[in-house]
Amino acid sequence: LATGARQNDNIFYEIRTYDIKPSKMKEFVEVVNKYFHLRTAHSELVGFWSAELGAMNKVVHVWKYDNFAHRTAVRHAVANDKDWQGKFISPALPLIEKQHNEVAYLVPWCQLGKPPKEGGVYEWVTFQMKPGGPALWGEAFRAAINAHVNTGYTKLIGVFHTEYGLLNTVHVIWWNESPDHQAAGRHSAHEDARVVAAVRDSVRFLESQQNVLLIPLQCSPLK
């Protein structure tokens, strides 16, 4: 995968997904909003969202690192940050049921985008592709994504391919003005022959797909 679907530099993204205890979601978000600036002082946060549809009591946050040495240095720094450990980690850990992380790269044909304005919603789509990597399914997948981009039904934020975690996984982040705007765009895409043809070609390599509608938290740079 080191020569697979990734950028040419060493930058990677850590995707962290936490399942929060159902009765503690409100409390967890309050702690994040109050103290998460202590963590972002150490490294760059790309986005932080809570699941609205497609999953429940779940948060997703994405971190950018220059390389693995950078991540190691940051993890060491936050472990020794008494404010972070005392004000956030200590009260937050009892609220979390499960943690999961992945390392992923932006695919080489995608730059990390930004929404045209604040206040929208994000659709996080996870594709589990057949084993074989981008050499097998990369071109067809790219064509399917570009078909959606070129028709303008939705705004692409990023396409990530996993390096650690479940392999042959691609995460795609889309932005829309609202859930209704997203639903209307999906309906239009399903009736667009250009999109239909591209998707039909790519699904030959698809094992499964999951869509989650995400709402950005107060601390999220992507809002």
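- Side-chain N or O atoms of Ser43 include none that pairs as donor or acceptor with a backbone N or O of Trp63 at under 3.5 Å.
- Using modelled atom types, no side-chain atom of Lys117 and backbone atom of Glu177 make a donor-acceptor pair closer than 3.5 Å.
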Start with the C-alpha distance between Lys26 and Lys24, add both sets of side-chain angles, then the distance that settles side-chain contact (heavy atoms from CB on, under 4.5 Å), and finish with yes or no. CA-CA 6 Å; Lys26 183 176 183 293; Lys24 300 296 184 180; over 6 Å; no
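- Residues Met56 and Lys58 are not in side-chain contact: their nearest non-hydrogen atoms beyond the backbone lie 4.5 Å or more apart.
- Judged by distance alone, the side chains of Asn101 and Gln99 never bring a donor and an acceptor atom under 3.5 Å apart.
- Heavy-atom neighbours of His37 NE2 from other residues, nucleotides or ligands within 6.0 Å: above the threshold of 12.
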For His61 and Tyr18, what are the C-alpha separation, side-chain angles and deciding distance, and is it a ring-ring contact (aromatic ring centres under 6.0 Å, His included)? CA-CA 9 Å; His61 40 125; Tyr18 297 169; 4.7 Å; yes
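- Between the side chain of Ser90 and the backbone N or O of Gln85 there is at least one donor-acceptor pair closer than 3.5 Å.
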May I have the step-by-step check of side-chain contact (heavy atoms from CB on, under 4.5 Å) for Met129 and Leu206, ending in yes or no? CA-CA 5 Å; Met129 309 301 292; Leu206 181 66; 3.9 Å; yes
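- By the criterion of side-chain heavy atoms lying less than 4.5 angstrom apart, applied directly or through intervening Ile, Leu, Val, Met, Phe, Trp or Tyr residues, Leu53 is not grouped with Tyr122; the two fall into different hydrophobic clusters.
- Ala147 and Arg194 get closest at one heavy-atom pair: CB-O, 4.1 Å.
- The hydrophobic clustering, which links ILVMFWY residues whose side-chain heavy atoms are closer than 4.5 Å, places Val196 and Phe205 apart.
- Look at Arg186 and Glu123 and you find a salt bridge, because one of the NZ, NE, NH1 or NH2 atoms lies within 4.0 Å of a carboxylate O, short of that distance.
- Counting only heavy atoms from C-beta outward, the side chains of Val62 and Leu45 never approach each other to under 4.5 Å.
- In this structure, Val31 is a member of the same hydrophobic cluster as Ile96, with clusters built from ILVMFWY side-chain heavy atoms closer than 4.5 Å.
- Ring-plane geometry between Trp124 and His171 is classed as tilted, the angle between the planes lying from 30 to 60 degrees on a 0 to 90 degree scale.
- Remark: the backbone N or O of Gln218 is paired with a side-chain donor or acceptor of Lys223 at under 3.5 angstrom.
- If you check the side chains of Asp192 and Thr151, you find no donor sitting under 3.5 Å from an acceptor.
- Of all the heavy atoms in Gly54 and Gln210, the pair that sits closest is O-NE2, 3.6 Å.
- We find the CD1-CZ distance between Ile89 and Arg39 to be 9.0 Å, quoted to the nearest 0.5 Å.
- In plain terms, the two heavy atoms of Val195 and Ala189 that are nearest each other are CB-O, 3.5 Å.
- In this structure, CZ in Phe127 is found 4.0 Å from CD in Gln209, a value given to the nearest 0.5 Å.
- Not a single donor-acceptor pair under 3.5 Å links the side chain of Asn67 to the backbone N or O of Asn10.
- Judged purely by atom type and a 3.5 angstrom limit, Asp81 uses its side chain to pair as donor or acceptor with the backbone of Asp83.
- Taking 4.5 Å as the limit, every side-chain heavy atom of Ser178 sits out of range of all side-chain heavy atoms of Val121.
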Apply the test side-chain hydrogen bond (donor to acceptor under 3.5 Å, both in side chains) to residues Thr169 and Gln128: give CA-CA distance (whole Å), side-chain angles for both, the deciding distance (0.1 Å), then the verdict. CA-CA 5 Å; Thr169 301; Gln128 186 59 42; 2.6 Å; yes
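- Contact check for Val170 versus Val159: side-chain heavy atoms found under the 4.5 Å cut-off.
- Heavy-atom minimum distance, Cys219 versus Phe36: SG-CD2, 3.9 Å.
- Rounding to the nearest 0.5 Å places CG of Leu156 at 11.0 Å from NE2 of His148.
- A donor-acceptor contact shorter than 3.5 Å links the side chain of Ser220 to the backbone of Phe48.
- Using a cutoff of 4.0 Å between basic side-chain nitrogens and carboxylate oxygens, Glu30 and Lys34 are not scored as salt-bridged.
- Ile215 and Trp175 fall into different hydrophobic clusters, where Ile, Leu, Val, Met, Phe, Trp and Tyr are joined by side-chain heavy atoms under 4.5 Å apart, directly or via other members.
- Residue Asn168 comes nearest to Thr162 through the heavy atom pair N-OG1, 3.9 Å, listed as atom of the first residue, atom of the second, then distance.
- Closest approach of Pro91 to Phe88, counting heavy atoms only: CD-O, 3.1 Å.
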Under the criterion ring-ring contact (aromatic ring centres under 6.0 Å, His included), I'd like the reasoning laid out for Tyr13 against Tyr65: C-alpha separation, chi angles, the key distance, then a yes or no. CA-CA 6 Å; Tyr13 298 83; Tyr65 292 103; 9.1 Å; no
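- Atom CG of Leu136 is separated from atom CZ of Phe141 by 13.0 Å, given to the nearest 0.5 angstrom.
- Distance alone, capped at 3.5 Å, places no donor-acceptor pair between the Lys98 side chain and the Ile20 backbone.
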Could you go through Leu112 and Val46, starting from their C-alpha distance and side-chain angles, then the distance that decides it, and tell me whether this counts as side-chain contact (heavy atoms from CB on, under 4.5 Å)? CA-CA 9 Å; Leu112 192 63; Val46 174; 3.8 Å; yes
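- Note: the hydrophobic cluster containing Leu166 does not contain Tyr164 (ILVMFWY, side chain heavy atoms under 4.5 Å, direct or indirect links).
- How far NE2 of His161 is from CD of Glu163: 8.0 Å, rounded to the nearest 0.5 Å.
- Taking the side chain as every heavy atom from C-beta outward, Phe12 and Asp66 never approach each other to under 4.5 Å.
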Verdict with reasoning, Trp174 to Val149, per side-chain contact (heavy atoms from CB on, under 4.5 Å): CA-CA 10 Å; Trp174 302 97; Val149 172; 3.9 Å; yes
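- Remark: side-chain polar atoms of Asp201 are not paired, donor with acceptor, to backbone N or O of Ala197 under 3.5 angstrom.
- Within 6.0 Å of the CZ atom in Arg16, the count of heavy atoms belonging to other residues, nucleotides or ligands exceeds 12.
- Distance CG/Leu214 to CG/Leu222: 11.0 Å, rounded to 0.5 Å.
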